[in-house]
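Okay, structure first, notes after.
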Number of protein chains: 2
Amino acid sequence: MNEKDEKIFEAWVALIRSHQMLTDAVENDLKQAGLPPLSWYDVLLEINREPDCRLRLQDIGSRILLAKNNVTRLVDRLEKEKLVTRKKCKSDGRGVYAYIEPEGKALLKKMWPIYRQSVLTHFKAGLSDKDIGNLCAILQILRSSAPSGTEKSELVHGTERNIKNVN
Amino acid sequence: MNEKDEKIFEAWVALIRSHQMLTDAVENDLKQAGLPPLSWYDVLLEINREPDCRLRLQDIGSRILLAKNNVTRLVDRLEKEKLVTRKKCKSDGRGVYAYIEPEGKALLKKMWPIYRQSVLTHFKAGLSDKDIGNLCAILQILRSSAPSGTEKSELVHGTERNIKNVN
DNA sequence: ACAAAATAGTTGCAAATGGAACAAAATATG
DNA sequence: CATATTTTGTTCCATTTGCAACTATTTTGT
């Protein structure tokens, strides 16, 4: 194992640990505030971003990197809370749309300030503007160089759109 | 939400997605090779790093950022496969050491080439030496600036030691 | 020294995840 | 056109995780 490879492993481990630390912290903040987990926000946000406020389950999966069986059940939970509604896709008889409901949008709005604050607190702390720019750029490279074709990697999702405008 | 904060969120999302993508890929490679998950490797490696080849469960938890109940059960699984043995800690009646067994060391050795190759393939692809250095440095900042005191954060683990020398 | 609080680890139960098998619809191939 | 293959989503089952409660030991405070 040469020196460069050691560096790579150092970065790899750092990525894993940072991620764990940060998501633990954010999930914890959400829970403290009596709010549902990040994954709910993720799904609702992705649907809400769509012009017609609906998204195929398959696309939800590819956006948030979740296997299809888990998408089914995550949407089950959201639907049970009436945050989302399922409707069959007419142009493709196999497909199912998840529509975001007003309550779903309301939840996004309610979660956002807590989520935002949490990420800013835990994530930004100590990072300079330049660091953040660098980090973005590097992670972008990581994400785009994923031709490792294990079915989950069909996505190279479109530019990350903004988080704001919940309404 | 100002422009800087948007940048932060972009980085945050990129971190989450990159992590997901990469761990999916690596876990998949391990499974393809008929090997156990990353978490096993992680625990075994942490124990193996210790001069006396043993580690308190609590310390395992703080090293790999895993809640104590999950440490208990992860060690259960390792012990069931005879990779590890539990022994009471004499200096602290509450404590339990996990000792790595020869079979545990053997597994480390067996997993390492696959793991290594997988990380190099999926992670390093596209990154320059400078990128890797930057990434390390930035993630290091993220990890060290975690005073968010929710009990899990008692750790500021010692410098990440090397991955090599399994024997 | 003693009671109160904190720490280490385990356990039980509910929830989430992963994998394989499945049904239904769409696409490809001969 | 007929049939094989792929895609989409769901379901079943086993494994893993998260949370709260619990025991045992140690530490703290008086």
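Predicted model only: the values in this text are computed from it and were never measured. Below, read A as the first sequence line, B as the second, and so on, with proteins coming before strands; counting in each chain starts at 1.
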Report the distance from atom [atom1] of [X] to atom [atom2] of [N], rounded to the nearest whole Å.
| X | N | atom1 | atom2 | answer |
| --- | --- | --- | --- | --- |
| A:N28 | D:dT17 | CG | P | 18 Å |
| B:L66 | C:dA8 | CG | C1' | 15 Å |
| B:K90 | C:dG9 | NZ | C1' | 19 Å |
| B:L38 | C:dG18 | CG | P | 14 Å |
| A:D59 | D:dT8 | CG | P | 8 Å |
| B:L74 | D:dG18 | CG | P | 12 Å |
| B:Y97 | C:dA8 | OH | P | 12 Å |
| B:I64 | D:dT16 | CD1 | P | 13 Å |

Below 4.0 Å: OP1/OP2 of C:dG18 and any side-chain N or O of B:K31: no
Any B:R56 side-chain nitrogen or oxygen under 4.0 Å from OP1 or OP2 of C:dG9: yes
Side chain of A:N70 (C-beta onward), nearest among C:dT11, D:dT8, C:dG18: C:dG18
Between [Y] and [X], does any NZ, NE, NH1 or NH2 come within less than 4.0 Å of an OD or OE carboxylate oxygen?
| X | Y | answer |
| --- | --- | --- |
| B:R63 | B:D42 | no |
| A:K110 | A:E103 | no |
| A:R73 | A:E79 | no |
| B:D129 | A:K4 | yes |

Short heteroatom pairs, N/O only, protein and nucleotides 22-25 of chain D, under 3.5 Å:
residue: D:dT25; atom: O3'; partner: B:G93; partner atom: N; Å: 3.3

Between the first and last five pairs of the helix from C:dA1-D:dT30 to C:dG30-D:dC1, the angle of the axes, rounded to 10 degrees: 40°
Cluster link B:L57 to B:Y97, ILVMFWY, side chain under 4.5 Å: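 As far as the 4.5 Å side-chain criterion goes, B:Y97 and B:L57 are not connected within one cluster.
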In one Ile/Leu/Val/Met/Phe/Trp/Tyr side-chain cluster, 4.5 Å: A:V13, B:V119: yes
The single option from B:L55, B:I100, B:D59 passing side-chain contact (heavy atoms from CB on, under 4.5 Å) against B:E46: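 Per the side-chain contact (heavy atoms from CB on, under 4.5 Å) rule, the option paired with B:E46 is B:L55, out of B:L55, B:I100, B:D59.
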Closest approach of B:C53 to B:K105 (non-hydrogen atoms, all atoms of both residues): SG-NZ, 3.2 Å
Contact summary for A:A33 and A:I114, nearest pair of heavy atoms: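 Heavy-atom minimum between the residues: CB-CG2, 4.0 Å.
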Donor-acceptor pair under 3.5 Å, A:N69 side chain vs C:dG19 base: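 Check passes, donor-acceptor contact within cut-off.
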Contact nearer the 5' end of DNA chain D, comparing A:D76 with B:S39: A:D76
Residue closer to the 5' end of DNA chain D, B:S91 versus A:G95 (nearest nucleotide): A:G95
CA sep, side-chain torsions, deciding dist, call: B:W40, B:Y115, ring-ring contact (aromatic ring centres under 6.0 Å, His included): CA-CA 12 Å; B:W40 290 33; B:Y115 179 33; over 10 Å; no
Quick test: give all pairs of protein nitrogen or oxygen and nucleotides 14-16 of chain C nitrogen or oxygen below 3.5 Å, distance rounded to 0.1 Å.
residue: C:dA16; atom: OP2; partner: A:R77; partner atom: NE; Å: 3.4

A:N70 CG to A:I60 CD1 distance, which is reported to the nearest 0.5 Å: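 Between A:N70 CG and A:I60 CD1, I get 12.5 Å after rounding to 0.5 Å.
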Exceeds 12 heavy-atom contacts within 6.0 angstrom, atom NZ of A:K87: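 Enclosed: over 12 neighbouring heavy atoms sit under 6.0 Å from NZ of A:K87.
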